[in-house]
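The block underneath contains the structure these notes are about, expressed in structure tokens.
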Amino acid sequence: MQSTSAARNRTLCPCIMRWTQTIIPTLKETPAEAEIVSHKLLLRAGLIRKLTGGLYIFMPLGLRALRKVEQIVREEMNRAGALELLMPALQPPEIWEKSGRYETARDVLFKVRDRAKKEWVLGPTHEEVITTLVAGEINSYRQMPKNFYQIQTKFRDEIRPRFGLMRAKEFIMKDAYSFDSSDAGAQESYHKMYNAYARIFQRCGLKTIAVEADTGVMGGKFSHEFMVPAETGENDVAYCDGCGYAANVEKASSNVTKTASEPSAALPEKFPTPGAVTIDALTKAPHSVPAERQIKTLVYVADSKIVLVLLRGDDQLNEAKLAGTLGSTMFRPGEPEEIFTAMGAHPGSLGAVAATLKGDGWAIYADERLKDTTGMTTGANEDGFHLRNIEIGRDIKVSKWADLRLVQAGEPCAKCGQPLKVQRAIEVGHVFKLGTKYSEALHAMFLDETGRQQPAVMGCYGIGVTRTLQAVIEQSNDANGIVWPISVAPYTVCITPLNVAPESPVMQLAEKIYAELTSLGIDTILDDRNERPGFKFKDSELVGFPIRIGIGEKSLAKGEVELKPRAGALTAVKVEDAVSAVQALVRAALGA
RNA sequence: CGGAGCGUAGCUCAGCCUGGCUAGAGCACUUGGUUUGGGACCAAGACGUCGCAGGUUCAAAUCCUGUCGCUCCGACCA
């Protein structure tokens, strides 16, 4: 039977997608390499296979789902007036030098050499390329606005690829770049993209929240990230149920209470604190200094210079905010030996009190929550000693006050006062208003109405397409497998005949329904495997086809087939109603 | 790059600590048979440079050294 069925397949109509003719290598057991549910399911459902760390092969089924996500992205970008083009992945390093990112992005740049030993870079993104193009092609305000996009493979030398497609060395991104002749125009382009993104993710069946974001090394003016709430995400999002405020914690601020000051004219007093090298240790007897009355002193090195960062004892530093304050991302925490050499004490006994500092003219950045505080305690820059009665305005030469702290869940929203919540999330999209950084660096200039030369005002907009696909699975699964939204499912319908003999009424009906669904444009796969029913049911649920049509002799005898939505209950429908019932489900899901 | 763990059949893993003949199990695969509405059963079979290199030893999957790869935690990002 087995061999004849293989022979039979070769002679059957190739226009029917039969399970035995494609390859869907499902796994009953989870490969050890996968940690999070979406990665496990991508592998178990036979959608992807790993070539090596951070590099994956899309199997036929996985590719179908990927193409559906891409198509939704393409349709919505086109609807928003963006123009699709395709740029080279291989790029000359010169344009990266011009933008300054050859240095600032060097950690993620893959570099290769050609036979003449000339260096090239593999594009992690395409601001430099598109801006070079626009510099040559767009010379007048009359040619703007323009928004160019592509869907293309990007390369990033990730420090640590992980979670399958979530963070890979090579991934597919939709990147778009808008060019406007005015700031107001750029705002409008930005909002168009923001709205397009909301539609894209909604169509993909994803629940996302748009949050205010830090602009990082992109060097933009302001930006939003589209986040999929998920415990396995790599970002923390702070949001407010009261007014809808939402921001990446890198960016978020809250309306925290000022630190109460304790008026006192007392002068700094050194006291011994042997062994107490943490904020927590100082809160305990015999010292009993509450964390909110301590000043935490962090030592950073920026441009090989020492920088001190002061926070209240119970606050955490937000490095993204520090980057904003420093105007650079080129900084790092000091090494223990380096700190000892500079400060004369080890971490745990550090302080910024002017009289105890060895160095002169060091920048001291202090969090605003410390402003005007008195009666504080901090390290004495001598191991085993701290200072009390610190009045920050009098005793510490703060160079700059800034919001440097990480917000915590429960703090009052800065806009409405309700408590903020913090949630892990996966970033699937990011919109930036860039301004003129790249257009100036790469000379994308145009003549305005008055004949003056101006740099184009840019925006850039990314969607991690492969990551979005995985985020859908991360958000949409159950104990049996994936639960695809119809919009991105590899096939909408899986027909499961329980008798696969070609001449059987069951199989003949299966092929008839297949033909009808296909003629209606509904993607269908026919599970013609000669396997036991339970095996086929389990497999189709693992892969997660949104609708299964079960056809067996028992129900057929009653003139019925079984309709089993992946996320719903099984119902019996008359044979003649099966196709219209499926069509109704599909229409309802796609809103068509 | 720092910290932790793991490399034995296509997959999941045992064996390693305490060295010993021909390296095991389950799943998957091949053949035959029995089955057939929720991941069947019987029988036979195929599949391994035990990650790689070096060392110790009469003898190494097992001990030692080095190396490569993978996974997880931290800093970077779609």
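By convention in this document, chain letters (A, B, ...) are assigned in the order of the sequence lines, proteins followed by strands, and residues within each chain are numbered from 1. For the numbers below, each heavy atom of this structure counts, side chains included, while hydrogens, waters and symmetry mates do not.
- Residue contacts for A:I426: at a heavy-atom cut-off of 4.0 Å it reaches no nucleic acid atom on any strand shown.
- Applying the side chain to side chain donor-acceptor pair (under 3.5 Å) test to pairs two or more places apart or on separate chains, those with a residue in residues 34-44 of chain A are A:S38-A:Q470, A:S38-A:E474.
- The closest side-chain heavy-atom distance from A:M227 to A:V428 is not below 4.5 Å.
- Across all strands shown, B:rG19 forms no Watson-Crick or G-U wobble pair with both key distances under 3.5 Å.
- Residues forming a side chain to side chain donor-acceptor pair (under 3.5 Å) with A:E158 (at least two apart in sequence, or on another chain): A:R167.
- Seen from the ring of A:F171, A:R467 does not count as a face-on cation partner, given the 6.0 Å and 45° thresholds.
- Pairing for B:rC63 is with B:rG55, a Watson-Crick or G-U wobble pair whose two hydrogen-bonding atom distances lie under 3.5 Å.
- Within the 4.0 angstrom heavy-atom criterion, no nucleotide atom of any strand lies near A:Y461.
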Using a cutoff of under 3.5 Å, can you pull out all pairs of nitrogen or oxygen atoms linking the protein to nucleotides 34-38 of chain B, with atom names and distances?
| from | atom 1 | to | atom 2 | distance (Å) |
| --- | --- | --- | --- | --- |
| B:rU35 | O2 | A:R532 | NH1 | 2.9 |
| B:rG37 | O6 | A:G552 | N | 3.4 |
| B:rG37 | O6 | A:S555 | OG | 3.4 |
| B:rG37 | N1 | A:E562 | OE1 | 3.2 |
| B:rG37 | N1 | A:E562 | OE2 | 2.8 |
| B:rG37 | N2 | A:E562 | OE1 | 2.2 |
| B:rG37 | N2 | A:E562 | OE2 | 2.5 |
| B:rG38 | O4' | A:G534 | N | 3.4 |
| B:rG38 | O6 | A:R548 | NH2 | 3.0 |
| B:rG38 | N1 | A:E541 | OE2 | 2.8 |
| B:rG38 | N2 | A:E541 | OE1 | 2.3 |
| B:rG38 | N2 | A:E541 | OE2 | 3.2 |

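- Taking atom C1' in both B:rC63 and B:rC76, the straight-line distance is 41 Å, to the nearest Å.
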Heavy-atom protein contacts under 4.0 Å, nucleotides 1-14 of chain B, coded B base, S sugar-phosphate only, - none: ----------BSS-

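- Counting only heavy atoms from C-beta outward, the side chains of A:F537 and A:N480 never approach each other to under 4.5 Å.
- The residue A:E225 sits apart from the nucleic acid: no heavy atom pair falls under 4.0 Å.
- One atom, CD1 of A:I200, and another, C1' of B:rA78, lie 13 Å apart when rounded to the nearest Å.
- Across every strand in view, B:rC6 sits in a pair with B:rG69 that passes the Watson-Crick or G-U test at under 3.5 angstrom.
- At a threshold of 4.0 angstrom between heavy atoms, the contacts of A:A320 with the nucleic acid are absent.
- Judged by Watson-Crick or G-U wobble contacts below 3.5 Å, the nucleotide B:rU34 has B:rA40 as its partner.
- The residue A:D539 sits close to a base: some heavy atom pair falls under 4.0 Å.
- Using a 4.0 Å heavy-atom criterion, one finds that A:R49 contacts no nucleic acid atom at all.
- By the side chain to side chain donor-acceptor pair (under 3.5 Å) test, A:Y190 pairs with A:H224, sequence neighbours left out.
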Detail all sub-3.5 Å separations between protein N/O atoms and N/O atoms belonging to nucleotides 44-53 of chain B.
none

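- The side chain of A:V108 approaches B:rC76 more closely than any other nucleotide in the set B:rC76, B:rC72, B:rA78.
- Taking for each of A:R156 and A:H39 the nucleotide of RNA chain B with the nearest heavy atom, the 5'-most of the two is the partner of A:H39.
- Not a single donor-acceptor pair, N or O on each side, falls under 3.5 Å between the base of B:rA78 and the side chain of A:Q470.
- Among the protein residues, A:T52 comes within range of the sugar-phosphate backbone only, with heavy atoms under 4.0 Å from sugar or phosphate atoms but none that close to a base.
- Residue contacts shown for A:K154 are absent, as no nucleic acid heavy atom lies under 4.0 Å away.
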